[in-house]
2 protein chains.
Amino acid sequence: MSSGKREEAQPLATTSPPGSENLLYLTDDQLRRGIEAMFFAYRGFTADPDRILERHGYGRAHHRAVHFINRQPGTTVNNLLDILGVTKQSLNRVLRTLIEDGLVESRVGTRDRRERHLYLTEAGRALENELSEAQRRRMRAAYRAAGPEAVAGFRKVLEHMMDPELRRQFHSIREGR
Amino acid sequence: MSSGKREEAQPLATTSPPGSENLLYLTDDQLRRGIEAMFFAYRGFTADPDRILERHGYGRAHHRAVHFINRQPGTTVNNLLDILGVTKQSLNRVLRTLIEDGLVESRVGTRDRRERHLYLTEAGRALENELSEAQRRRMRAAYRAAGPEAVAGFRKVLEHMMDPELRRQFHSIREGR
DNA sequence: AATTTACGTCAGCGTTGTTGACTTTCCAAG
DNA sequence: CTTGGAAAGTCAACAACGCTGACGTAAATT
């Protein structure tokens, strides 16, 4: 298999465009490099929080919950389920430990008393900040090193990589309430 | 987005730069948006392969193994461990099923008979292509929609997000052998 | 009054990470 | 040549965190 140079080994190849325009950045090899870059970068992206979480006895699922509760204080369980894209059983396990440990407070809704509104406690905010701080530090370094135009491009590509539904949710997250 | 409001809710805030340059893209809020974009985009990034893998009864770990074996045919288990960043026990389980199912071939090393050199079989290449094809399709669409300059920026930021060691590995992956 | 919705929980399973203990193989020092 | 250690790989058991299914309860809706 290894023999030759080109990509001939691919039987179902979709290699070069037939119209053969000058879109070098769309070759299969460039796309593969992008895929690998995404893989390695995501590892870096989660490395710092992972270390912190381990010290506290939590996992990534806890991080995600804490992050989005901080982002939308008072959010309901159902809303969080939509954002995180997991089952309620899975989320519940995580939320239960966070509530037991006093990082998250669950208040029964006033308008609709079936709903539980979630808030970070002081301790919860402290953990969130520790995690976020570490992640922002890395992000800031990457942004700074790459420069503003690169950041704009980065954000643009990421947005187009999302599923349309997730993209809506991404845009529906705002400051404050 | 979020026009007027500040980020006063953070007690331990590291918000605005003291030197107060014009680096809008480095505000904590922009960084948080970037973090969330990464989160949602990665979901999209893995969504298509996940569906395919499920049909075949595999998981993401299988995808990663198949991907990098395809990328570096004849690679050893140890080399793969470095790239994937998991324990050999974890990788071994995945490799075993792939070998049993006839997607991967493991050849004892000639120079050092402790080593196993890994190759995709015809069936393995078929699966790799199916997965890669789906992922490349999404990547291509995102690249095309964002344009060449955005792609360059995307790649630049991702590179700076990697751990230095991972970045070296990223660059050490090449075509052919 | 009946149905639907929001939430919580129990039970059980699969993937994928972990550590610990073991075999086989290689190599170098005695 | 032998021996002891390092390296590559395998087996066993456990934990985190996804999943499905079933059930219960309270509250809103029809």
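Proteins get letters first, then strands, A, B, ... in listed order; numbering begins at 1 in each.
Regarding A/Asn92, its CG atom lies at a distance of 16 Å from the P atom of D/dA16, rounded to whole Å. C/dT18 atom P lies 11 Å from atom CG of A/Asp50, rounded to whole Å. C/dT5 atom C1' lies 13 Å from atom CZ of A/Arg111, rounded to whole Å. In this structure, CD of B/Glu115 is placed 18 Å from P of D/dA6, rounded to the nearest angstrom. The separation between B/Leu81 atom CG and C/dT19 atom C1' is 15 Å, rounded to whole Å. Residue A/Leu80 contributes atom CG, which lies 15 Å from atom P of C/dA6 at whole-angstrom precision.
Under the 4.0 Å criterion applied to side-chain N and carboxylate O atoms, A/Asp163 and B/Arg43 are not assigned as salt-bridge partners. By the 4.0 Å N-to-carboxylate-O rule, B/Arg33 lies close enough to B/Glu36 to be salt-bridged with it. Taking the charged nitrogens against the carboxylate oxygens, A/Arg125 and A/Glu128 have no contact shorter than 4.0 Å, which rules out a salt bridge. Under 4.0 Å is where a charged nitrogen must lie from a carboxylate oxygen, and between A/Arg137 and A/Glu133 at least one such pair does.
Summary of helix geometry: the two end axes of the helix from C/dA1-D/dT30 to C/dG30-D/dC1, each defined by five base pairs via their C1' atoms, are inclined to each other by 10° (rounded to 10°).
The residue A/Thr76 sits close only to the backbone: its heavy atoms come under 4.0 Å of sugar-phosphate atoms, none of a base.
A residue-by-residue look at B/Val77 and A/Leu91 shows that B/Val77 has its nearest nucleotide of DNA chain D further toward the 5' end.
Pairs passing the salt bridge (Lys or Arg N to Asp or Glu O under 4.0 Å) check and including a residue from residues 50-60 of chain A, sequence neighbours excluded, read A/Asp48-A/Arg51, A/Asp50-A/Arg60, A/Arg55-A/Glu130.
Ring-centre distance between A/Phe68 and B/Phe39: below the 6.0 Å cut-off.
Among residues two or more places apart in sequence or in another chain, the side-chain hydrogen bond (donor to acceptor under 3.5 Å, both in side chains) test is passed with A/Tyr58 by A/Asp101. Remark: B/Gln169 pairs with no residue by the side-chain hydrogen bond (donor to acceptor under 3.5 Å, both in side chains) rule, at least two apart or across chains.
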Review item, nucleotides 22-25 of chain C N/O atoms under 3.5 Å of protein N/O:
none

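Heavy-atom minimum distance, A/Gln135 versus A/Phe45: NE2-O, 3.1 Å. Taking every heavy atom of both residues into account, B/Val86 and B/Leu81 meet most closely at O-CD2, 3.6 Å.
Contact annotation: A/Asn78 does not reach the phosphate of C/dT5 (side-chain N/O to OP1 or OP2, under 4.0 Å). Put simply, A/Thr87 has a side-chain N or O that comes within less than 4.0 Å of OP1 or OP2 on D/dC19.
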Its contact letters, B for base, S for sugar-phosphate only and - for none at protein heavy atoms under 4.0 Å, make nucleotides 10-16 of chain C read B----SB

side-chain hydrogen bond (donor to acceptor under 3.5 Å, both in side chains) between B/His117 and B/Ser106, worked out:
CA-CA 6 Å; B/His117 297 272; B/Ser106 166; over 6 Å; no

